[in-house]
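Letters go in sequence order (proteins before strands), and every chain restarts at 1.
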2 protein chains.
Amino acid sequence: MDKSEQIIEAAAELIALNGLQASPVSMVAKHACCGAGTIYRYFDTKEELVEAVYLQLMQRITRATLAGDDPSGDIRSRLSNMWLNLFRYLSDNPRDAALIDQLSVAPAICELKQRMAENELQSGVHSLFEEGRQQGLIKDLPNEVLGIYVYGGISTLVRLAHKVPGLKENTITDDMVLGLCWDAIRIHH
Amino acid sequence: MDKSEQIIEAAAELIALNGLQASPVSMVAKHACCGAGTIYRYFDTKEELVEAVYLQLMQRITRATLAGDDPSGDIRSRLSNMWLNLFRYLSDNPRDAALIDQLSVAPAICELKQRMAENELQSGVHSLFEEGRQQGLIKDLPNEVLGIYVYGGISTLVRLAHKVPGLKENTITDDMVLGLCWDAIRIHH
DNA sequence: TAAAACAGAATGAACGTTCATTCCGGTTAA
DNA sequence: TTAACCGGAATGAACGTTCATTCTGTTTTA
């Protein structure tokens, strides 16, 4: 494996486990089997390393969420497909679920988000919201609000399922996830 | 004002503004007009001070949310009343809204939450959920999931309204808040 | 052999916490 | 009435620790 990959991987593992603040560079170095100085050959600052971890994470999540999307399908099934993809990916990859929890509140990442233009995932989902609104299917609310109702619910479900063992298999079904997401934002006749 | 109140107040102000990590004890002391050592006459550690800030915050939020609750009313109007109370309180008190964002992700507070039994606010809302489920009004899902759909949505609305000026007055209405909360969790016939 | 990569010790800044000292209101002694 | 005394509240400089970053000597590579 590429050395910088190795460093990003070690950082991701530690941050997911202990949080950003409890993951000093020296410890990342130890887990990446290199010296602390070596990390600075690849990243100017710790902040840059954390950004790299975040960007890779978002790539994985985006790829997983958009998998199998059929642009010719109807809105509802496209959205359903994405939500289930996301739900399953986070359920199957608890490390990435923990990582995004940790990173999305880190000041460095908040800044990064604001610097970046809308990302691929967000813009894809938002344009679907737009279409849905035009078809009279979806509430006329800001995309950010709709997005939060979808993502917030999913991430909470995943966290719960992980905390309460046995909950996932018995209670939290795909239908439930879809029902929550969809009922919250759709127009009810 | 009591000295320890003064310290808690200064800490709350700074944490809401700069975040926990960017609020060293020395700075809290300066804003509370006392020496750093004085803080340790009232709180054994910084962590204890932060816990005190959090507990006071939750008291304010609980009081505001439960205001005017009529236990003899029907479920829907009781929940509606609480959600509007909470929405308005956070809208009118952006400092407390920021504070809860900052604190709810702090490791010290996460631990505190787990140590504490269910708080007054949570248990009140959860028992309403329970009643609603028995009446066939509300989805048969874990209370935590329902709770997140309600609180998560409200807090996001408040954050958005605060970020985009003019949004609050024009777009985000009480009806919208109620619609989102209610549609997400109710059973649709 | 020259240059690039590497490791980990060294550095210095930031921070939470401690502690010897000062300050201040009340109590006692003369 | 005044002066000496007392206790504990307050202070902020100093300490020890942690951590990101830099430095330096060594190893690997070409």
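Positionally, the nearest nucleotide of DNA chain C for A:Arg41 lies more toward the 5' end than for the other of A:Arg41 and A:Gly37.
Between B:Glu131 and B:Leu137 there is no side-chain heavy-atom pair separated by less than 4.5 Å.
At the heavy-atom level, A:Phe43 lies nowhere under 4.0 Å from the strands shown.
In this structure, A:Arg186 contributes its side chain and B:Asp183 its backbone to no donor-acceptor pair below 3.5 Å. When atom types are taken as modelled, the side chain of A:Thr38 and the backbone of A:Cys34 share no donor-acceptor pair closer than 3.5 angstrom.
Under the 3.5 Å distance criterion, with hydrogens and angles disregarded, no donor-acceptor pair is assigned to the side chains of B:Gln56 and B:Glu9.
Taking every nucleotide of DNA chain D with any atom under 4.0 Å from a non-hydrogen atom of chain B, the first and last of them, 5' to 3', are D:dA9 to D:dG12.
In this structure, A:Lys30 atom NZ and C:dG8 atom C1' are separated by 10 Å, rounded to whole Å.
Taking hydrophobic clusters as Ile, Leu, Val, Met, Phe, Trp and Tyr residues chained together by side-chain heavy-atom distances below 4.5 Å, A:Phe87 shares a cluster with A:Val150.
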